[in-house]
Number of protein chains: 2
Amino acid sequence: MISLTTDRPVSPGYRRAMQSRTPASRTGRPRSAAANAAILAATRQALVELGWSRLTLGDVAVRAGVAKTTLYRRWAGKNELVVDAVAELFDELSLPDRGSLAADIEGVVLQFAAILARPEARSGLMAVVAESTRDEALRERIRASIVDRQKRLVLAGRARAQERGELPPEPDAGEAARTVDLIFDMVAGAVVHRTLVSAEPADEEWVHGFTRVLLSGLAAAPRPG
Amino acid sequence: MISLTTDRPVSPGYRRAMQSRTPASRTGRPRSAAANAAILAATRQALVELGWSRLTLGDVAVRAGVAKTTLYRRWAGKNELVVDAVAELFDELSLPDRGSLAADIEGVVLQFAAILARPEARSGLMAVVAESTRDEALRERIRASIVDRQKRLVLAGRARAQERGELPPEPDAGEAARTVDLIFDMVAGAVVHRTLVSAEPADEEWVHGFTRVLLSGLAAAPRPG
DNA sequence: GGAGTTACGCTACGGCTCGTAGCGAAAGCA
DNA sequence: TGCTTTCGCTACGAGCCGTAGCGTAACTCC
């Protein structure tokens, strides 16, 4: 496994948005940012038309109008490429102030559901998660590119709710962090399971019921007064 | 796609536990039940050692001690084979009476988490779910073999809780069915997300916090009296 | 017991994808 | 003008896919 080429073989610190790599590699021909965007867009398109298992890097290269070798110079393989292509989809998530915690949750969950309704997110996201169970580096890439980036929404929503007095303040930092993780797993997990496994739409009615249970629990009255 | 062989090409109604197919196919050499068990066990073993993407049907055939063609005679492809192999893992789930709804939930969630802690379940389950986003028949197979089979646990738990008076009776059948689906998505989704995406163990502490939120909601006191 | 039917093991095959090597040319920087 | 890095292109061995074909084994019905 000794590479004799002049190109870097794997590009380890290669985060998304390649133009933001500040250190090193100041000389020589820079990598084409346009090619990067074209490759990621072509990957999403291929996910839509072919799904995960039939997606091949050669096909993506043809769609993007670049050579197959360019793909292998920038990404270690199919897993890493799809992670980056899917991660871009989640950057559009936001948390507008809708006046109450319940409304805030419903709003962001509906956004999340809309993203998961797109076929490139459905097949791509679950596939890389499956692969990450046997690839620690890939799991970390997913966490950094997708999960942790969106956990900000939970933090912002909780802070806003505490300002409103809807949630009690949490003095213990460790306990607060665990709660954030729990909420994130419950929200993201429920929407993913509803959309992908149950294969039913996470529409307004479902989101309303979900939010009610999340805030008030099962023991509360099944129908709000 | 015209098969000229004497063997049935796909075996459409081929459920799990082949010995229980009562109608039709009364004559001829029966399919070996031992081979079936060996193939599914070999599939799980290959999932552990290779993961989803590197698992090949030829490799499974060698591990199981059968010919590769036997695999293709019984399953349409890799997807269907892994669904059946993984589905067996979930049959051990049960709902012992632990005295309260909270204890019942915690018990079954811990069982579910234990199954998802096994590598053959982790990589196999998510992979077939990802593939099912582009394969309606596969999604239905997953639903019949795994999801609907375990929804019985939610039904039993709710009935038991209603007998205890912990949950109000639901006169509307449609509303009750939607609630069952919602609970199932929330429970299974949260555990799956915690285990696979967050890659943290769903241990007793986490399950305890999850159950508290599920029953009482976020607005309740963060620490139980 | 024989005939009919189905499943099995085995071999072989074309076709496709993989991931890499090697080359000359292009695009920036000193 | 050199130096460095990336690019497109071609070619290649390797591996897996899914199926065909054949002879044999197992079971049922007559």
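Order of the sequence lines sets the chain letters (A, B, ...), proteins ahead of strands, with each chain counted from 1.
- Summary of the strand contacts: V66(B) and T69(A) both lie near DNA chain C, and taking for each the nucleotide with the nearest heavy atom, the more 5' one is attributed to V66(B).
- Taking the six-membered ring where tryptophan is involved, the planes of F184(B) and H193(A) are perpendicular, since the angle between them exceeds 60° and thus also 30°.
- Rounded to the nearest 0.5 Å, atoms CZ (R141(B)) and CG (D84(B)) are 4.5 Å apart.
- For dG8(D), one of the phosphate oxygens OP1 or OP2 lies less than 4.0 angstrom from a side-chain nitrogen or oxygen of T70(A).
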Between protein and nucleotides 23-29 of chain D, what N or O pairs are separated by less than 3.5 Å?
unit_1, atom_1, unit_2, atom_2, d
dA25(D), N3, R29(B), NH1, 3.2
dA26(D), O4', R29(B), NE, 3.4

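- Protein atom CG of L81(A) is 12 Å distant from nucleotide atom P of dG19(C), rounded to whole Å.
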Between R98(B) and E106(B), does a salt bridge (charged side-chain N to carboxylate O under 4.0 Å, His left out) hold up when you go through it step by step?
CA-CA 9 Å; R98(B) 291 169 161 244; E106(B) 293 190 13; over 6 Å; no

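- If you take CZ on F112(B) and CG on L153(B), they are separated by 10.0 Å, rounding to the nearest 0.5 Å.
- The closest donor-acceptor contact from the side chain of D104(B) to the backbone of D97(B) lies at 3.5 Å or more, if one exists at all.
- A side-chain donor-acceptor contact under 3.5 Å links R134(B) to the backbone of E49(A).
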Sort me out a list of protein N/O and nucleotides 16-18 of chain C N/O pairs below 3.5 Å, or just none if empty.
unit_1, atom_1, unit_2, atom_2, d
dC18(C), OP1, L57(A), N, 3.3

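- The separation between L71(B) atom CG and dT19(D) atom C1' is 14 Å, rounded to whole Å.
- One side chain, N36(A) or R74(A), offers a donor N or O that lies under 3.5 Å from an acceptor on the other.
- Scanning both residues, Q111(B) and P96(B), for their nearest heavy atoms gives NE2-CD, 4.0 Å.
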